[in-house]
Amino acid sequence: MNTGPGSPEEKNIFVIGLDESNEEVLRRVPGADRYRFHPLLSVEELQYGEIPILELLEKAQRQLDAFDGTIDAIVSYWDFPASTMVAMLCDKYGLPGVSLEAVLKCEHKYWSRLEQAKVIDELPDFGIVDLDDEDPAPPEGVDYPMWLKPVKSFSSELAFHVEDDAEFAKAVAEIRSGVDRVGKPFDHILGKVDLPAEVADAGGAACLAEGALNGVQAATEGYVHNGQVTVYGALDSINYPDTPCFLRHQYPSQLPDDSVRRMKEISVLVMEQIGFDNATFSIEFFCHPESGQACLLEINPRHSQSHAELFEYVDGMANHQIMVKLGLGEDPGERRHRGDYQIAGKWYYRRFEDGMVTRIPTRAEIADLEAEIPGVKIEIVPEKGMRLSDLPAQDSYSYELAHLFVAAQTEREMEHKYRRCTEALRFEFEEG
């Protein structure tokens, strides 16, 4: 096993949680003919059931140590535990990467809020809910409506919008029963850095309360290279009507310039404060287009793999390209906007009731639909025979049936293509 630059012709890049759809995208990034992508742990190991973080780290290290070529980069586009494992493994093997402390300042929602509050005012009231208290109450200064969520989770797991004491008590009970799945392994990683007293007191299996934000949801994507923060894109996140569940993410943002500019300014301020460097990030916001105000919702210490095809459709290259460049210690350079489409969206086709899946669209049906409608890619989420409530990494209110990547020249054309797809996709369910 060797680390560091290999031959100029070929680089060995280890991807934690490499999956089939993202591997296809990676093989299309500029320079991919020089890259060999190696899977390091599976998505199932990283996200399903309990997360044995020590065992996962040891397994990854055994695979790396047994490799007889050069290890030129270790990267990932997944949330915890992959995001923290990248930082630790890059440090162990002397590869370019972000520090574990900076990742944890993003990952721990309470620690992140404490850091954000040092440099911006655009954030909600927040505080810790004591899950060990017999009768937990909202923290001082946080009023209804509010969101309750673990200080570490992913895909909106155990995140609840509550409007009164009864909803608060119900949400606390659910969080209390499920928080340890991610919280316990997260606690182990927190033990590897020096924590501020208030973060150490909260721990990794705590509950955060935040005042509910409102407005239009949006996000920035960027990276830091040698201390220089670059924000290269802004996207919109649009929900199903009257729900907190995503209908689609679309790139580029259709918000006014003032809102996009403020999101970018805030992104630079907070990432500099956190000391984030040599990695990608994405930051979620709520915006008020009329005033240009933007309030920070959450920082992710990774770019979004959900957006990879969107950037590819519009810019001509996926955001994965930046991850690869930084992993190799290279400057990503300027991005040129030369895609075939003006706008692209990742749509979430959902069902809001549980049920047993008795039919899913066939591969032939999907292939016909993708051939019929240009700029469309469809991924089915459940398998036949599966109960929707057994799907991993779902939000607290719905179940994903399919992800549809749809590109077009206008927002209206994109919406029309999506409707054509969902009208043709045949799912069947057994109720109850």
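- In this structure Tyr144 satisfies the side-chain hydrogen bond (donor to acceptor under 3.5 Å, both in side chains) test together with Asp165, sequence neighbours excluded.
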Full working for side-chain contact (heavy atoms from CB on, under 4.5 Å) between Val270 and Ile120: CA-CA 8 Å; Val270 297; Ile120 63 170; 4.0 Å; yes
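- Tyr240 and Phe352 have perpendicular rings, their planes meeting at more than 60° on a 0 to 90° scale where under 30° would count as parallel.
- Side-chain rings of His161 and Tyr397 stay apart, their centers remaining 6.0 Å or farther from each other.
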Arg181 vs Glu50, side-chain contact (heavy atoms from CB on, under 4.5 Å): CA-CA, chis, key distance, verdict: CA-CA 6 Å; Arg181 185 179 86 83; Glu50 298 301 314; 4.2 Å; yes
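- Phe285 is listed as a side-chain neighbour of Ile266, based on a closest heavy-atom distance under 4.5 Å.
- In this structure, Phe37 and Tyr35 have perpendicular ring planes: the angle between them is above 60°, well past the 30° mark.
- A salt bridge links Glu411 to Arg248: one of the charged nitrogens lies within less than 4.0 Å of a carboxylate oxygen.
- Heavy atoms of other residues, nucleotides or ligands lying less than 6.0 angstrom from NZ of Lys184 number 12 at most.
- Residue Asp164 qualifies as enclosed at atom CG: its count of foreign heavy atoms under 6.0 Å is above 12.
- In this structure, Ser112 and Glu107 have side chains that are not in contact, with every pair of non-hydrogen atoms separated by 4.5 Å or more.
- At a threshold of 4.5 Å between non-hydrogen side-chain atoms, the residues Pro382 and Ile380 count as touching.
- Ion pair Glu198/Arg113 not flagged as a salt bridge, since none of the NZ, NE, NH1 or NH2 atoms sits closer than 4.0 Å to an Asp/Glu carboxylate oxygen.
- Pairs of residues two or more places apart, or lying in two chains, that qualify as ring-ring contact (aromatic ring centres under 6.0 Å, His included) and include a residue from residues 295-320 are Tyr77-His320, Tyr232-Phe311, His249-His307, Tyr251-Phe311, His303-His320, Tyr313-Tyr341.
- For the pair Lys109 (side chain) and Glu298 (backbone), a donor-acceptor distance under 3.5 Å is absent.
- Using a 3.5 Å distance cut-off with no hydrogens or angles, the side chains of Asp65 and Tyr93 do pair a donor with an acceptor.
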